*Asks:* 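Sending over a structure as structure tokens; questions will come in a sec.
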Amino acid sequence: MMKYVEEYRGAREAHRYAQALRSLVTRPWTLMEVCGGQTHAIVRFGIDQLLPPGLTLLHGPGCPVCVTPVALVDKALAIASRPGVLFCSFGDMLRVPGSEKDLLSAKAAGADVRIVYSPMDALALAERMPERQVVFFAVGFETTAPASAMAVHEARRRGLRNFSLLSAHVLVPPAMEAILASPGRRVDGFLAAGHVCTIMGTETYQPLVRAYRVPIVATGFEPVDLLQGIHMCVAQLEEGRADVENQYARAVRTAGNAPAQAMLHEVFEVVPRAWRGIGPIPASGLGLRDRYADWDAERKFRVAEVGGREDSECQSGQVLRGLLKPPECPAFGTRCTPETPLGATMVSSEGACAAYYRYRRSIGPCASTSP
């Protein structure tokens, strides 16, 4: 297995693609990756620094922790503070700031907030402790949503009414469409997240390609994956084509994972969702269907009206839309650090600001993203 991974980290192969790109590019192009894992790989391995002048990478809204709106974090805090509640989520979510505090602060103040590694772990807690109300704060794109759906489906099948889900799941294609439809659009092509495509397939991007005439390439996460995906995307642009292509063929199929899609459809329905730093995006979220209302934490704890207030100094919204690179933010690395974050992009292990803080902090500001 390690040999298999190392093949996609080979310096010789990476430089071969970089050289091929230098021969291919005849004019400026701007591509966006929409996965935080890809962003970290690009910054960590210096992929962007291998590219020829004029070929720019922007980092999109590719981290589900980063795009979870403040209002949902505030709802999580309101639920976690209730007596008898055991509140669970992934580790990154505990430090994401709400309007006034985060879940880690609530834990320090006495709330029973725990880190779990999957929604099924939270379900197991509910089964072991029937006297407690166990709530799982579910974040993630199409990649992790099937596991959340399975946990709710199992809770209903086992009759566990002390388990519920606070769903913050979001869908990638609507966010890409919001970026393409925004004024002053700068994106010429996308690297689609390989793990999302393993669930939804590549067909899910056909409507975007037809409507906006942008190439979209399903791409993996290793350096050679990324450089090959960039090469495939730029080749389309240079040829005047706009198609969906699959660089990550060792994991992605055209139609995706049908059983996972069926589980998503059984438990969830598509709903409007606000994205942190971006705002409302129609049909971009997953909410529990009415037949699963008893396992919907938002309805069970009646927190639908809880609001949220973003820190006015935080510019993560511009980072998430590709309008600003992290080192261009005046607060980057000074007033905003992983220890004292203003926004989720610095908190999350997949956030763009966290990636630059970890790998690029010592080399000074990056080139401006201004045209």
Side-chain angles (χ1 to χ4, degrees), residues 1-60 62 172 176 186-198 201-202 205 209 213-254 322 325-327 350 352 355-356 358-360 362-364 366-369:
M1 182 63 185
M2 283 308 295
K3 181 176 183 296
Y4 193 61
V5 172
E6 287 171 359
E7 287 174 351
Y8 289 91
R9 293 184 176 180
R12 179 177 299 178
E13 191 71 359
H15 283 285
R16 188 175 73 81
Y17 276 110
Q19 180 60 46
L21 278 165
R22 283 191 282 275
S23 302
L24 180 64
V25 171
T26 62
R27 50 163 290 189
W29 299 110
T30 299
L31 310 183
M32 173 178 278
E33 84 275 359
V34 283
C35 169
Q38 292 176 335
T39 300
H40 272 249
I42 287 167
V43 178
R44 176 186 177 190
F45 292 106
I47 302 298
D48 51 337
Q49 296 171 332
L50 292 175
L51 302 182
L55 180 51
T56 302
L57 293 182
L58 298 180
H59 316 307
V172 170
M176 292 165 66
R186 298 177 53 204
V187 178
D188 300 307
F190 283 106
L191 306 181
H195 49 17
V196 170
C197 297
T198 61
T202 53
Y205 296 106
V209 167
R213 295 289 303 161
V214 290
I216 298 176
V217 179
T219 306
F221 306 90
E222 299 297 336
V224 174
D225 284 323
L226 290 158
L227 283 161
Q228 187 178 20
I230 292 166
H231 187 276
M232 292 167 69
C233 204
V234 172
Q236 288 195 51
L237 290 165
E238 290 284 344
E239 295 166 15
R241 292 189 295 118
D243 298 316
V244 179
E245 293 184 337
N246 184 11
Q247 181 279 328
Y248 203 36
R250 64 186 186 278
V252 170
R253 301 292 177 267
T254 303
K325 286 197 173 181
E350 292 194 351
Y356 277 81
R358 182 172 183 181
Y359 300 116
R360 296 279 174 85
S362 61
I363 64 174
C366 64
S368 171
T369 61

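Everything numeric in this text was worked out from a predicted model, so none of it was measured.
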*Asks:* Going from CD1 on Ile47 to OG1 on Thr39, what distance comes out if it is rounded to the nearest 0.5 angstrom?
*Replies:* 12.0 Å

*Asks:* Please name the pair of heavy atoms, one in Gln236 and one in Asp243, separated by the smallest distance, quoted to 0.1 Å.
*Replies:*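 Heavy atoms only, the tightest pair is OE1-N, 2.5 Å.
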
*Asks:* Between Val196 and Cys35, is any pair of side-chain heavy atoms under 4.5 Å apart?
*Replies:* no

*Asks:* Tell me whether Gln38 contacts the main-chain N or O of Thr219 through its side chain, where contact means a donor paired with an acceptor under 3.5 Å.
*Replies:*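 Side chain of Gln38 to backbone of Thr219: a pair is present.
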
*Asks:* Quick check: closest heavy atoms across Lys325 and Leu58, and the distance to 0.1 Å?
*Replies:* CE-CD2, 4.5 Å

*Asks:* Considering all heavy atoms of both residues, which atom of Tyr356 and which atom of Pro326 are nearest to each other, and what is their separation?
*Replies:*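 For Tyr356 versus Pro326, the nearest heavy atoms are CD1-CG, 3.6 Å.
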
*Asks:* Testing Val172, Ile216, Val217 one by one against Phe190 for a side chain to side chain contact (heavy atoms under 4.5 Å, CB included), which residue passes?
*Replies:* Ile216

*Asks:* Between CE of Met232 and CD of Glu245, what distance do you get to the nearest 0.5 Å?
*Replies:* 4.5 Å

*Asks:* Measuring from atom CZ of Arg360 to atom CG of Asp48, what distance do you get when rounded to the nearest 0.5 angstrom?
*Replies:*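 If I round to the nearest 0.5 Å, the distance is 4.0 Å.
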
*Asks:* Closest heavy-atom contact between Cys197 and Tyr205?
*Replies:* SG-CE1, 3.6 Å

*Asks:* Any carboxylate oxygen within less than 4.0 angstrom of a Lys/Arg side-chain nitrogen, looking at Asp188 and Arg27?
*Replies:* no

*Asks:* Can you see which heavy atom on Leu31 is nearest to which on Cys233, and at what distance?
*Replies:* CD2-SG, 3.9 Å

*Asks:* Atom CZ in Arg9, atom CG in Asp225: separation rounded to 0.5 Å?
*Replies:*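 Rounded to the nearest 0.5 Å, the CZ-CG separation comes to 10.0 Å.
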
*Asks:* With a 6.0 Å cut-off on ring centres, are Phe221 and Tyr8 close enough?
*Replies:* no

*Asks:* Measure the CG-CD1 distance between Leu50 and Ile230 for me, rounded to the nearest 0.5 Å.
*Replies:*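 One finds 9.0 Å between CG of Leu50 and CD1 of Ile230.
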
*Asks:* With the side chain counted from C-beta on, respond yes when Leu227 and Leu51 share a heavy-atom pair under 4.5 Å apart, and no when they do not.
*Replies:* yes

*Asks:* Output, in order, the C-alpha distance, side-chain angles, deciding distance and verdict of side chain to side chain contact (heavy atoms under 4.5 Å, CB included) for Leu57 and Ile42.
*Replies:* CA-CA 9 Å; Leu57 293 182; Ile42 287 167; 3.9 Å; yes

*Asks:* Is the side chain of Asn246 donor-acceptor paired with the backbone N or O of Val252 at a distance under 3.5 Å, no angle test?
*Replies:* yes

*Asks:* Give me the atom names and distance for the closest heavy-atom approach of Ala14 to Val224.
*Replies:* N-CG2, 4.0 Å

*Asks:* Please assess Arg22 against Gln19 for the test side-chain hydrogen bond (donor to acceptor under 3.5 Å, both in side chains), listing each intermediate value before the final yes or no.
*Replies:* CA-CA 5 Å; Arg22 283 191 282 275; Gln19 180 60 46; 3.3 Å; yes

*Asks:* Classify the angle between the aromatic ring planes of His40 and Tyr359 as parallel (below 30°), tilted (30 to 60°) or perpendicular (above 60°).
*Replies:*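 If you compare the ring of His40 with that of Tyr359, the planes turn out perpendicular.
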
*Asks:* With side chain to side chain contact (heavy atoms under 4.5 Å, CB included) as the criterion, how do His59 and Glu33 come out once you've worked through the C-alpha distance, each side chain's angles and the decisive distance to 0.1 Å?
*Replies:* CA-CA 6 Å; His59 316 307; Glu33 84 275 359; 2.5 Å; yes

*Asks:* Return the CD to OG1 distance between Gln247 and Thr202, rounded to the nearest 0.5 Å.
*Replies:*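 Interatomic distance, Gln247 CD to Thr202 OG1, rounded to 0.5 Å: 13.0 Å.
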
*Asks:* Whether the side chain of Glu13 engages the backbone of Glu7 through a donor-acceptor N/O pair (distance < 3.5 Å, no angle test) should be reported.
*Replies:*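 The answer is no, because no donor-acceptor pair under 3.5 Å joins these two groups.
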
*Asks:* Considering residues, nucleotides and ligands other than Arg358, do more than 12 of their heavy atoms fall under 6.0 Å from its CZ?
*Replies:*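 Open: at most 12 neighbouring heavy atoms sit under 6.0 Å from CZ of Arg358.
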
